[in-house]
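Numbers here simply count residues along the sequence, with the first being 1.
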Amino acid sequence: MTEQTASRPVPRAGVLSIAAYVPGKSKASGGAKLYKLSSNETPLGASPKAIEAHRSIADKLEFYPDGAASDLREAIGGVYGLDPARIVCGNGSDDLLHLLTMAYVGPGDEGLYSQYGFLVYPIAILAAGGTCVVAPEKDFRTDVDAILARVTEKTRIVFLANPNNPTGTYIPFDEVRRLAVGLPKRVLLVLDAAYAEYVARNDYEAGIELVSTSDNVVMCRTFSKIHGLAGLRVGWMYGPDHVVDAVNRIRGPFNLNAAAIAAGVAAIEDRDHQAAAFRHNAEWLPKVTAGRAEEHTSELQSHSF
């Protein structure tokens with residue numbers, strides 16, 4: 001059956017080959033409250049100030065939100081010392097990853113990412129009509145040389161999750177810079193730094209400096225992790241003027257709701273709550289890791305002969 005003879009609308013070529021993203025389970029039998037460690041859902045919840053800001057919107061629901069999310073961009077810029085004009089906010093960082101791909105990838109183009117990269121990357125590339133190219137990793141860690149070796153004339157975008165989801169590994173900033181320098185200037189490098197706030201290593205940098213000095217590098221961040229606003233879907237990107245302009249041309253006019261904007265402003269300005277979430281994560285990471293190792297050892301012993 002061809003598209004011309006179809007008895008119902010047919011998605012364009014490639015859409016039905018996309019494997020839909022399947023989120024982790026949020027409920028357990030018996031009604032126990034779960035926190036997805038794979039997504040760094042914080043057991044501390046959102047900042048009380050963010051919760052109050054969210055509630056303050058309840059009697060203003062008849063009004064459209066600020067389509068430019070100006071207050072949130074100003075708040076982010078104030079915290080990180082960035083020009084708000086070079087910031088775009090979105091319905092989670094996933095929204096921005098899709099927008100960037102839509103803006104720079106089309107049929108015949110290639111999008112490149114590492115072997116265990118975030119599952120949204122292939123979805124975004126295929127949805128834009130592009131072709132996915134996967135670079136193998138070494139010991140579950142991004143291999144810069146493998147990525148550079150797979151760049152072709154058709155490559156338009158490269159995604160780098162650093163730290164990576166789902167492996168939890170990262171590469172130092174020197175390697176990120178080497179990747180950026182090695183890419184052709186026409187290729188957009190997207191630094192997905194969703195977990196940046198949890199890294200306390202001297203050799204790590206989320207990408208702000210690199211974006212500030214490059215014409216083909218963008219950094220994406222999220223409020224879903226350390227800020228505890230996963231339920232509101234708030235993300236942001238920092239990029240060159242020309243990339244921001246392109247994204248804003250295809251971005252939905254109200255892609256961030258009023259409650260998300262208000263809560264986001266309060267959350268990013270509440271440094272004490274962020275510090276508490278960081279400390280909680282740092283305390284429990286080794287405990288959970290050790291517990292899982294003991295569980296794995298026990299499983300092996302129970303299956304030994």
Side-chain angles (χ1 to χ4, degrees), residues 11-12 14-26 36-41 88-107 109-137 140-142 147 150 155-171 176 179 187-198 206-207 211 217-227 229-239 243 246-247 250-252 255-256 260:
R12 63 174 176 75
V15 170
L16 295 183
S17 66
I18 299 173
Y21 183 88
V22 179
K25 294 182 178 179
S26 298
K36 287 181 282 189
L37 298 184
S38 60
S39 299
N40 259 97
E41 289 181 342
V88 181
C89 295
N91 184 35
S93 57
D94 297 355
D95 180 28
L96 299 167
L97 297 175
H98 276 278
L99 288 171
L100 287 164
T101 310
M102 287 175 58
Y104 291 94
V105 176
D109 296 332
E110 294 177 348
L112 180 54
Y113 54 92
S114 63
Q115 182 178 2
Y116 301 110
F118 187 30
L119 293 177
V120 165
Y121 305 153
I123 293 175
I125 294 167
L126 292 171
T131 300
C132 296
V133 178
V134 182
E137 297 185 4
F140 301 102
R141 192 178 303 275
T142 298
I147 292 177
R150 283 159 179 80
T155 306
R156 293 293 177 267
I157 196 167
V158 173
F159 290 105
L160 173 63
N162 198 41
N164 188 41
N165 173 7
T167 63
T169 60
Y170 79 99
I171 59 174
V176 177
L179 173 60
V187 176
L188 181 66
L189 174 59
V190 180
L191 303 179
D192 184 355
Y195 295 83
E197 290 88 353
Y198 286 109
V211 175
V217 183
V218 173
M219 178 193 68
C220 291
R221 303 282 283 270
T222 182
F223 280 73
S224 296
K225 314 304 178 184
I226 203 165
H227 298 294
L229 297 183
L232 285 181
R233 312 304 300 124
V234 186
W236 61 282
M237 60 163 267
Y238 172 58
V243 175
V247 169
I250 60 174
R251 176 179 61 82
N255 64 327
L256 205 58

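To the nearest 0.5 angstrom, Met237 atom CE is 10.0 Å from Leu97 atom CG. From Leu188, atom CG reaches atom CD1 of Ile157 across 5.0 Å, with rounding to the nearest 0.5 Å. The OH atom of Tyr238 sits 8.0 Å away from atom CE of Met219, with the distance rounded to the nearest 0.5 Å. Between Ile171 atom CD1 and Asn164 atom CG the span is 9.5 Å, to the nearest 0.5 Å. Atoms NZ and OH, on Lys225 and Tyr198 in that order, are 8.5 Å from each other to the nearest 0.5 Å. Rounding to the nearest 0.5 Å places CD1 of Ile125 at 14.0 Å from CE of Met102.
Evaluation of the side-chain hydrogen bond (donor to acceptor under 3.5 Å, both in side chains) rule for Thr169 yields Thr167 as partners, not counting sequence neighbours. Under the ring-ring contact (aromatic ring centres under 6.0 Å, His included) criterion, Tyr121 pairs with Phe118, Phe159, sequence neighbours left out.
Asn255 places a side-chain N or O within 3.5 Å of a backbone atom of Cys89 that can act as its donor or acceptor partner. Between the side chain of Gln115 and the backbone N or O of Glu137 there is at least one donor-acceptor pair closer than 3.5 Å. Using modelled atom types, no side-chain atom of Asp109 and backbone atom of Thr155 make a donor-acceptor pair closer than 3.5 Å.
Minimum heavy-atom separation, Tyr104 to Ala246: OH-CB, 3.7 Å. Of all the heavy atoms in Ile123 and Ala20, the pair that sits closest is CD1-C, 4.4 Å. When all heavy atoms are compared, the tightest approach of Ala230 to Ser224 is CA-OG, 3.5 Å. Residues Pro163 and Ala196 share a closest heavy-atom pair of CD-N, 4.2 Å. Taking all atoms of both residues into account, the shortest heavy-atom contact from Leu191 to Val176 is CD2-CG1, 3.8 Å. What you find for Ser114 and Thr142 is that their closest heavy atoms are OG-OG1, 3.8 Å.
Side-chain contact between Cys220 and Leu100: present, with at least one pair of heavy atoms (C-beta onward) separated by less than 4.5 Å. Residues Leu99 and Ile250 form a side-chain contact, since some pair of their non-hydrogen atoms from C-beta on lies under 4.5 Å apart. Looking at heavy atoms from C-beta onward, Val187 lies out of side-chain contact with Arg156 at the 4.5 angstrom threshold. Taking 4.5 Å as the limit, some side-chain heavy atom of Leu189 sits within range of a side-chain heavy atom of Leu179.
In this model, no donor atom of one side chain and acceptor atom of the other lie less than 3.5 Å apart for Asp192 and Asn162.
Taking a cutoff of 4.0 Å between a charged side-chain nitrogen and a carboxylate oxygen, Glu110 and Arg150 do not qualify as a salt bridge. A salt bridge between Arg233 and Asp94 is present, with a side-chain N of the basic residue lying under 4.0 Å from a carboxylate O of the acidic one.
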(request) With side chain to side chain contact (heavy atoms under 4.5 Å, CB included) as the test, would you mind laying out the steps for Val120 and His98 before giving the verdict? (result) CA-CA 8 Å; Val120 165; His98 276 278; 3.9 Å; yes
(request) Check the pair Trp236 / Ser93 against side chain to side chain contact (heavy atoms under 4.5 Å, CB included), numbers first and verdict last. (result) CA-CA 6 Å; Trp236 61 282; Ser93 57; over 6 Å; no
(message) Under the criterion side chain to side chain contact (heavy atoms under 4.5 Å, CB included), I'd like the reasoning laid out for Leu232 against Phe223: C-alpha separation, chi angles, the key distance, then a yes or no.
(response) CA-CA 9 Å; Leu232 285 181; Phe223 280 73; over 6 Å; no
(message) Assess the residue pair Thr222 and Val234 against the criterion (side chain to side chain contact (heavy atoms under 4.5 Å, CB included)); give the C-alpha distance rounded to whole Å, side-chain angles, the decisive distance to 0.1 Å, and a yes or no.
(response) CA-CA 6 Å; Thr222 182; Val234 186; over 6 Å; no
